[in-house]
Amino acid sequence: MRIPCAIVRDLLPLYAEKLVEPETEALVKEHLEACPDCRQRLSELTTEATKTVDTARPLLSLKKAIRKRRWYTAIVAALCVFIVVYTWFFHADAMHPVAWIDGLVTVKGIENRPSSDVYAQDDTGEEAPAEAVPVLVLQVNGRITGIHTSKREEADGTKTVLLQGWSSHADSNLAKDDSEILLSPVPDRVIYADSQQQKLLWGVPLSDESKSLAPSAFDPALVIALVLAPLSGIVWLLLRKYSYSRIPRQIFFAPLSYLAARSLTQGCVLTSLWMELGPLVITVALYLLLTCLWQLLLLRKAE
């Protein structure tokens, strides 16, 4: 008796695994000898059964993703600690502008002092002569750690000296002796100029044409960052669905990191190479932090 193909095909998985009774096996075998379609089906079942399932590949991919996420997490934690500690030390050692108060700088007048008191050496590197020269003597309050002096000449020929005092937090609570500043040649005008006001200490009053003698607050790098950050951010948002969107994304991270670093170091006077490198170091650390955080976000989305 010939068994229908539908019944044989239902029995083929059991037949291939040798899980049928001898009588059933004999019937199926007899049918297979006369039916090429069922023999083809049996061959396909045998081939599929002999294939090994590659379970190592997804496990390796998962292990690699976990390892990468751990590395990024460790880098993020290290960068956060570095930024906090570095910023703290930066401010602890930083110099901050001292706003004007009465008695901060006092003009003692013009005196004759040995030129060696004014100039330790001349331009040739030789000792300065000892003859007396007229100098303008200023007495600086002990609150000030140092004085930044800049000179400028007005259109009418008036020679002006701008003073800006600075001090560190560590020195602000220490009682220090007053010091002297000797200006030679004697300028026509001396002004203490901070970010809020300017105080005439000596000489010709300010004219209408020179009301603002304070150093310019214009910072080209800050302006470029303020313009580049929103522009690159908009480009990134418009191209976020494309694979090359990482380019405007990384460009956006650069001015954003610089602006954040400037805010962290705001109010500090850069008086040394270490201080000048401070904002740059923080900018690089913030840039790496944003990049690692974004990679962590991508890994979390891929899970």
Side-chain angles (χ1 to χ4, degrees), residues 68-101 104 141-150 163-176 193-197 214-233 236 246-300:
K68 185 181 295 186
R69 187 171 61 183
R70 287 177 177 175
W71 271 107
Y72 279 124
T73 303
I75 294 174
V76 167
L79 287 173
C80 289
V81 173
F82 173 80
I83 292 171
V84 171
V85 173
Y86 190 91
T87 304
W88 184 85
F89 276 108
F90 184 87
H91 279 274
D93 194 46
M95 297 298 174
H96 301 269
V98 179
W100 171 260
I101 60 172
L104 196 62
N141 186 278
R143 288 187 58 215
I144 296 179
T145 302
I147 282 280
H148 177 264
T149 304
S150 59
L163 304 177
Q164 171 65 74
W166 45 264
S167 178
S168 67
H169 289 313
D171 295 328
S172 60
N173 297 323
L174 299 177
K176 299 180 294 294
D194 56 39
S195 59
Q196 299 178 352
Q197 61 177 327
S216 175
F218 177 75
D219 187 346
L222 181 61
V223 174
I224 292 175
L226 288 172
V227 174
L228 186 59
L231 289 180
S232 57
W236 175 31
R246 62 180 179 274
I247 298 176
R249 180 194 70 210
Q250 295 302 123
I251 295 176
F252 170 69
F253 286 167
L256 185 64
S257 300
Y258 178 77
L259 293 175
R262 285 293 299 266
S263 66
L264 290 175
T265 58
Q266 187 176 9
C268 297
V269 179
L270 308 181
T271 57
S272 65
L273 178 62
W274 183 85
M275 295 292 294
E276 292 176 357
L277 291 178
L280 177 61
V281 172
I282 298 176
T283 299
V284 174
L286 287 171
Y287 181 83
L288 295 175
L289 177 62
L290 290 176
T291 302
C292 291
L293 285 174
W294 184 257
Q295 294 301 321
L296 277 177
L297 180 61
L298 293 179
L299 289 174
R300 187 173 295 275

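Numbering of residues begins at 1 and proceeds along the displayed sequence.
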Euclidean distance, Leu222 CG relative to Tyr258 OH, rounded to 0.5 Å: 6.0 Å
Backbone of Ala229 reached by a side-chain donor or acceptor of Ser232 within 3.5 Å: yes
Residues Thr73, Arg70; criterion side chain to side chain contact (heavy atoms under 4.5 Å, CB included); working and verdict: CA-CA 5 Å; Thr73 303; Arg70 287 177 177 175; 5.6 Å; no
Minimum heavy-atom distance between Ile83 and Ala285, given as atom pair plus value: CG1-CB, 3.7 Å
Heavy-atom side-chain proximity of Leu286 to Ile282 below 4.5 angstrom: yes
Close side-chain approach of Cys80 to Leu289, heavy-atom, < 4.5 Å: yes
Spacing of OG1 belonging to Thr291 relative to CZ belonging to Arg246, to within rounding of 0.5 Å: 13.0 Å
Residues Leu293, Phe253; criterion side chain to side chain contact (heavy atoms under 4.5 Å, CB included); working and verdict: CA-CA 11 Å; Leu293 285 174; Phe253 286 167; over 6 Å; no
Candidate pair Val98 and Asn141, rule side chain to side chain contact (heavy atoms under 4.5 Å, CB included), full reasoning: CA-CA 11 Å; Val98 179; Asn141 186 278; over 6 Å; no
Distance-minimising heavy-atom pair for Ala225 and Pro255: O-CB, 3.7 Å
Note, Val281 side chain near Phe82 side chain (heavy atom, < 4.5 Å): yes
Rounded distance (nearest 0.5 Å) linking atom CH2 of Trp294 with atom CD of Gln250: 10.0 Å
Heavy-atom closest contact (Pro279 atom, Thr265 atom, distance): CG-OG1, 4.0 Å
Min side-chain heavy-atom separation Arg262-Leu259 under 4.5 Å: no
Shortest non-hydrogen separation from Cys292 to Val76 and the atoms involved: CB-CG2, 3.6 Å
Minimal non-hydrogen separation, Val227 against Leu231, with atom names: O-CG, 3.3 Å
Whether Trp236 and Phe252 hold their rings parallel, tilted or perpendicular, with breakpoints at 30° and 60°: tilted
Close side-chain approach of Leu79 to Ile75, heavy-atom, < 4.5 Å: yes
